[in-house]
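What follows is one structure encoded as structure tokens, with my remarks underneath.
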Amino acid sequence: MHSVVDVWLVRVVKPSNLDSWRDFLDATEQKRLDRFSAANAAFLFLTARVLLRNVLSRMNDVDPRDWRFSTNEFGRPFIATPADSELVFNLSHTEGLVACAIGRSCLVGIDAEWAERRTNVEELVSHVLHPTERLLFRGASVKSRRELFFTYWTLKEAYLKARGLGFSLPPTSVAFDLSGHEPKITLTDEEESRPWSFRCYRPTATHHLALAIGGASAEVDHNVRWCEIRSDGTLEVLTD
């Protein structure tokens with residue numbers, strides 16, 4: 001079986017009028033939006049939700065405002081209405097970028113990180129990297145360590161989000177091999193036997209992005225599209 005996963009990207013330059021897209025959200029999402037104290041964080045959340053609703057509606061005959069979502073016990077979101085949808089999704093947003101991955105009948109996780117965030121990666125290594133990854137990290141040049149860390153970090157985040165387990169599965173418990181054409185994962189979770197496919201991207205000079213797909217066929221296509229959300233909340237595809 002041939003599988004396709006679509007990745008949708010929106011560049012976020014600065015906060016806009018939060019009320020302009022608000023009616024796309026349901027009551028639960030609007031309450032979450034209102035809890036943000038920082039305008040930038042609120043706009044990233046709002047952009048992600050409006051993007052998600054638009055791209056789902058490109059694949060199903062459902063108005064963008066009519067989708068309803070729920071979460072599992074670890075906070076992983078899924079489509080609640082329509083209940084018969086085979087679509088799966090995952091969202092990520094960071095400074096300047098919102099990303100959405102859409103697939104069918106598989107597990108999907110995506111993670112975006114802003115490389116210029118004030119993060120001392122040396123302090124996080126023992127909390128994020130598997131022992132085999134730490135050896136490679138320590139052996140890398142000081143200049144390349146930050147790049148290597150964010151590659152590992154986004155891959156782990158994407159994988160954990162796809163699994164829907166959050167940090168109940170420690171990021172140090174899985175390891176990635178980056179030596180081949182595509183990243184490969186080494187699992188310590190003996191109950192996990194699904195096939196996995198991973199991709200790493202640098203969508204901009206300052207962003208890292210990783211995609212994880214589980215349970216799909218060996219043949220998986222990945223489409224990456226840039227788009228923007230118009231002032232009325234509709235989607236304009238910039239690359240297709």
Side-chain angles (χ1 to χ4, degrees), residues 3-16 21 40-56 58-59 77 87-104 106-119 121 124 128 140 143-162 171 176-178 180-185 196-214 216 220-230 233-240:
S3 299
V4 178
V5 173
D6 293 299
V7 175
W8 300 82
L9 303 176
V10 172
R11 195 185 303 270
V12 181
V13 179
K14 62 182 179 179
S16 297
W21 303 339
N40 189 59
F43 187 60
L44 284 171
F45 171 81
L46 180 60
T47 302
R49 306 309 291 195
V50 175
L51 172 64
L52 171 64
R53 288 171 172 276
N54 272 285
V55 296
L56 287 175
R58 288 175 66 93
M59 306 177 76
L87 295 175
V88 293
F89 71 90
N90 199 232
L91 292 168
S92 184
H93 50 76
T94 187
E95 183 72 27
L97 184 69
V98 169
C100 177
I102 306 285
R104 290 183 185 271
C106 61
L107 300 180
V108 174
I110 195 166
D111 187 58
E113 296 291 340
W114 183 46
E116 296 184 356
R117 61 189 293 186
R118 294 181 180 178
T119 301
V121 299
L124 295 175
V128 174
K143 185 177 180 179
S144 64
R145 284 182 180 179
R146 191 173 181 85
E147 175 91 10
L148 183 59
F149 177 85
F150 276 110
T151 299
Y152 280 134
W153 174 251
T154 52
L155 283 167
K156 288 168 184 276
E157 280 270 19
Y159 172 69
L160 295 176
K161 291 171 71 176
F176 280 91
D177 178 1
L178 305 179
H181 177 66
E182 299 173 5
K184 300 294 183 184
I185 194 169
W196 285 90
S197 175
F198 297 92
R199 294 290 189 279
C200 290
Y201 306 96
R202 290 300 303 271
T204 77
T206 58
H207 290 96
H208 291 261
L209 188 74
L211 176 68
I213 305 164
V220 181
D221 281 344
H222 310 78
N223 300 317
V224 180
R225 297 180 175 91
W226 282 98
C227 54
E228 65 180 29
I229 303 173
R230 303 183 185 98
T234 58
L235 196 68
E236 178 180 354
V237 180
L238 304 177
T239 58
D240 207 341

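Of all heavy-atom pairs spanning Ala48 and Leu91, the tightest one is O-CD2, 3.7 Å. Among all heavy-atom pairs drawn from Val108 and Ala101, the shortest one is CG1-CB, 3.4 Å. Heavy atoms only, all atoms of each residue included: Ala115 and Phe150 are closest at O-CE1, 3.9 Å. Between Val50 and Gly233, the shortest heavy-atom contact is CG1-O, 3.6 Å. Listed here is the closest heavy atom pair of Ala212 and Trp196: CB-CZ3, 4.2 Å. A pairwise comparison of heavy atoms in Ala112 and Ser92 identifies N-OG, 2.9 Å as the closest pair.
Two residues are said to be in side-chain contact when any heavy atoms from C-beta on lie closer than 4.5 Å; Leu209 and Val7 meet this criterion. Inter-residue side-chain proximity for Asn223 and Arg225 is flagged as met; some heavy-atom pair is nearer than 4.5 Å. Inter-residue side-chain proximity for His207 and Arg202 is flagged as unmet; no heavy-atom pair is nearer than 4.5 Å. Within the 4.5 Å cutoff, side-chain heavy atoms of Leu97 are placed close to those of Pro203. Considering only heavy atoms from C-beta on, Leu87 comes within 4.5 Å of Leu56 through its side chain. Leu124 has its side chain within reach of Phe149: a pair of non-hydrogen atoms, C-beta onward, lies under 4.5 Å apart. Two residues are said to be in side-chain contact when any heavy atoms from C-beta on lie closer than 4.5 Å; Leu211 and Val5 meet this criterion. Looking at Thr151 and Leu178, their side chains come closer than 4.5 Å, going by heavy atoms from C-beta outward.
Between the Arg146 side chain and the Thr119 main chain, a donor and an acceptor come within less than 3.5 Å of each other. For Lys161 (side chain) and Ile110 (main-chain N/O), a donor-acceptor pair under 3.5 Å exists by modelled atom type. A donor-acceptor pair is defined here as one N or O able to donate and one able to accept, closer than 3.5 Å; such a pair exists between the side chain of Thr204 and the backbone of Thr206. Listed for the Thr154 side chain is no donor-acceptor partner under 3.5 Å among the backbone atoms of Asp111.
Salt-bridge annotation for Arg117 and Glu113: present, with a side-chain N of the basic residue lying under 4.0 Å from a carboxylate O of the acidic one.
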Task: Ile229/Thr234 under side chain to side chain contact (heavy atoms under 4.5 Å, CB included): CA gap, chis, key distance, verdict - done: CA-CA 6 Å; Ile229 303 173; Thr234 58; over 6 Å; no
TODO: Go through the steps for Arg58 and Leu235 under the test side chain to side chain contact (heavy atoms under 4.5 Å, CB included), then give the verdict.
DONE: CA-CA 10 Å; Arg58 288 175 66 93; Leu235 196 68; 4.0 Å; yes
Open item on the list: Pair Lys156, Phe176 - check side chain to side chain contact (heavy atoms under 4.5 Å, CB included), show working.
Closed with: CA-CA 8 Å; Lys156 288 168 184 276; Phe176 280 91; 3.9 Å; yes
Task: Pair Leu9-Cys100, side chain to side chain contact (heavy atoms under 4.5 Å, CB included): steps then yes or no - done: CA-CA 7 Å; Leu9 303 176; Cys100 177; over 6 Å; no
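Between Phe198 atom CZ and His222 atom NE2 the span is 10.0 Å, to the nearest 0.5 Å. Expressed to the nearest 0.5 Å, how far CG of Asn90 lies from CG of Leu107 amounts to 10.5 Å. From Ser197, atom OG reaches atom CD1 of Ile213 across 5.0 Å, with rounding to the nearest 0.5 Å. The distance from the CZ atom of Arg145 to the CD atom of Glu147 is 14.5 Å, given to the nearest 0.5 Å. Here Arg199 contributes atom CZ and Leu155 contributes atom CG; the two are 11.5 Å apart, rounded to the nearest 0.5 Å.
Within the 6.0 Å centre-distance limit, the rings of Phe43 and Trp21 are counted as a close aromatic pair.
Using modelled atom types and a 3.5 Å distance limit, the side chains of Thr47 and Arg49 yield no donor-acceptor pair.
Not counting sequence neighbours, Arg11 has no partner by the side chain to side chain donor-acceptor pair (under 3.5 Å) test.
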